[in-house]
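Chain A is the first sequence line, chain B the second, and so forth, proteins listed ahead of strands; every chain is numbered from 1.
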Amino acid sequence: DGGITQSPKYLFRKEGQNVTLSCEQNLNHDAMYWYRQDPGQGLRLIYYSQIVNDFQKGDIAEGYSVSREKKESFPLTVTSAQKNPTAFYLCASSIEFGNTEAFFGQGTRLTVV
Amino acid sequence: AQSVTQLDSHVSVSEGTPVLLRCNYSSSYSPSLFWYVQHPNKGLQLLLKYTSAATLVKGINGFEAEFKKSETSFHLTKPSAHMSDAAEYFCVVIPNRYSTLTFGKGTMLLVSP
């Protein structure tokens with residue numbers, strides 16, 4: 001069953017802690033993306049990767065880091081430097097970068113307590 | 001510069017009446033355009049896409065959209081709303097093959113009995 005799996009669905013973090021959100025796809029897609037969603041703001045791009053071992057900053061990369069060591073995996077680390085990390089995080093992938101639709105995971109809701 | 005504007009943050013309709021969700025874009029090139037739907041605490045699902053073929057695009061669940069270059073619009077319509085259509089809808093543009101997806105801020109569709 002092909003798709004994108006994000007885990008966990010809900011995540012709680014104490015202030016000052018780093019936390020890693022998992023994103024795995026078995027669609028054999030080259031490109032992967034991380035978005036942050038806040039009410040009334042749509043989706044904002046955090047990082048994207050066009051191909052394995054490559055990634056680029058998006059519009060709101062400060063306080064986040066990623067890696068792309070395997071084609072199927074694109075984990076996102078929310079660091080303690082991120083001032084307002086409470087949000088809904090969505091991972092997506094596309095067969096190639098640019099000019100093609102993206103497929104989304106079910107999201108991870110991160111809450112800082 | 002490229003952007004996408006969804007003209008209504010909320011649209012309310014009665015079940016069985018037509019739906020119109022408005023989207024305008026700006027792009028220097030021939031863009032790719034998409035509509036996605038998101039139910040609460042879920043990922044985004046692709047409804048339909050325009051990629052320079054037919055200007056009237058049919059999607060899933062009875063939705064369709066018309067690309068009007070002269071008006072830089074890509075409005076989403078459905079002849080008869082169903083309760084299950086209540087969700088948030090995002091208009092998305094990819095300005096050219098070297099760009100990522102740019103999201104509108106979303107339109108919440110409310111359907112009353």
A.B. asks: Is it the backbone or the side chain of B/Q6 that comes under 4.5 Å from a heavy atom of chain A, or both, or neither?
C.D. replies: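 Interface part for B/Q6: neither.
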A.B. asks: What is the distance from atom CD of A/Q106 to atom CG of B/N41, rounded to the nearest 0.5 Å?
C.D. replies: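 A/Q106 CD to B/N41 CG: 10.0 Å, rounded to 0.5 Å.
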A.B. asks: Does any backbone or side-chain atom of A/S94 lie under 4.5 Å from a heavy atom of chain B? Answer side chain, backbone, both or neither.
C.D. replies: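 A/S94 has no heavy atom closer than 4.5 Å to chain B.
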A.B. asks: Should A/E101 and B/Y36 count as side-chain neighbours, where that means a heavy-atom distance under 4.5 Å?
C.D. replies: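 A side-chain contact under 4.5 Å exists here.
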A.B. asks: Would you say that A/Q37 contacts B/F90 through its side chain, given a criterion of any heavy-atom pair below 4.5 Å between the two side chains?
C.D. replies: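 Counting from C-beta outward, A/Q37 and B/F90 do come under 4.5 Å.
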A.B. asks: Group every Ile, Leu, Val, Met, Phe, Trp and Tyr by side-chain heavy-atom contacts under 4.5 Å, then state whether A/L11 and A/I46 land in the same group.
C.D. replies: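 Linked within one cluster.
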A.B. asks: In this structure, are over 12 heavy atoms from other groups packed under 6.0 Å from B/K42 atom NZ?
C.D. replies: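 Not more than 12 within 6.0 Å, no.
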A.B. asks: Applying a strict under-4.5 Å side-chain criterion to I, L, V, M, F, W and Y, I'd like to know whether B/F34 and B/Y50 cluster together.
C.D. replies: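 They do not share one cluster, since no chain of ILVMFWY contacts under 4.5 Å joins B/F34 to B/Y50.
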A.B. asks: Do B/L46 and A/F103 come close enough that some side-chain heavy atom pair is under 4.5 Å?
C.D. replies: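 No, too far: nothing below the 4.5 Å cut-off.
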A.B. asks: Using non-hydrogen atoms only, which part of B/T100 is less than 4.5 Å away from chain A: side chain, backbone, both, or neither?
C.D. replies: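 Interface part for B/T100: both.
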A.B. asks: Report which part of B/E88 has an atom under 4.5 Å of a heavy atom belonging to chain A: side chain, backbone, both, or neither.
C.D. replies: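 Just the side chain, heavy atoms under 4.5 Å.
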A.B. asks: Using heavy-atom distances under 4.5 Å, tell me whether B/K49 contacts chain A through its side chain, its backbone, both, or neither.
C.D. replies: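 Only the side chain of B/K49 comes within 4.5 Å of chain A.
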A.B. asks: Check for me, please, whether A/V19 and A/W34 land in the same ILVMFWY cluster - side-chain distances under 4.5 Å, paths through other members count.
C.D. replies: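 Linked, A/V19 and A/W34 end up in one cluster.
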A.B. asks: About how many Å separate OH of A/Y35 and CZ of B/F103, when rounded to the nearest 0.5 Å?
C.D. replies: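 Going from CZ on B/F103 over to OH on A/Y35, the span is 4.5 Å.
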A.B. asks: Around atom NZ of A/K14, are there more than 12 heavy atoms from other residues, nucleotides or ligands closer than 6.0 Å?
C.D. replies: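 Counting other residues, nucleotides and ligands, NZ of A/K14 stays at 12 neighbours or fewer.
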A.B. asks: So what's closer than 4.5 Å to chain B heavy atoms on A/F88: side chain, backbone, both or neither?
C.D. replies: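 For A/F88, the side chain is the part near chain B, not the backbone.
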A.B. asks: Non-hydrogen atoms of chain B under 4.5 Å away: do they reach the side chain of A/L45, the backbone, both or neither?
C.D. replies: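 Side chain of A/L45 only, per the 4.5 Å heavy-atom cut-off to chain B.
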A.B. asks: Do B/L44 and A/I60 sit in the same hydrophobic cluster, where Ile, Leu, Val, Met, Phe, Trp and Tyr count as joined when their side-chain heavy atoms come under 4.5 Å apart?
C.D. replies: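 B/L44 and A/I60: separate clusters.
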A.B. asks: Could you check if a side-chain atom of B/K105 sits within less than 4.5 angstrom of a side-chain atom of A/L43, using non-hydrogen atoms only?
C.D. replies: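 Answer no - side chains too far apart.
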A.B. asks: Same hydrophobic cluster for A/F104 and B/I60, using side-chain heavy-atom links shorter than 4.5 Å among ILVMFWY?
C.D. replies: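 No, because A/F104 and B/I60 fall into different hydrophobic clusters, even though each may have its own neighbours under 4.5 Å.
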A.B. asks: Rounded at 0.5 Å granularity, tell me how far CG in A/D59 sits from OG1 in B/T102.
C.D. replies: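 The OG1 atom of B/T102 is 7.5 Å from CG of A/D59, to the nearest 0.5 Å.
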A.B. asks: If you count the non-hydrogen atoms of other residues, nucleotides and ligands that lie under 6.0 Å from CG in B/L7, is the total more than 12?
C.D. replies: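 Atom CG in B/L7 is packed in, count exceeds 12.
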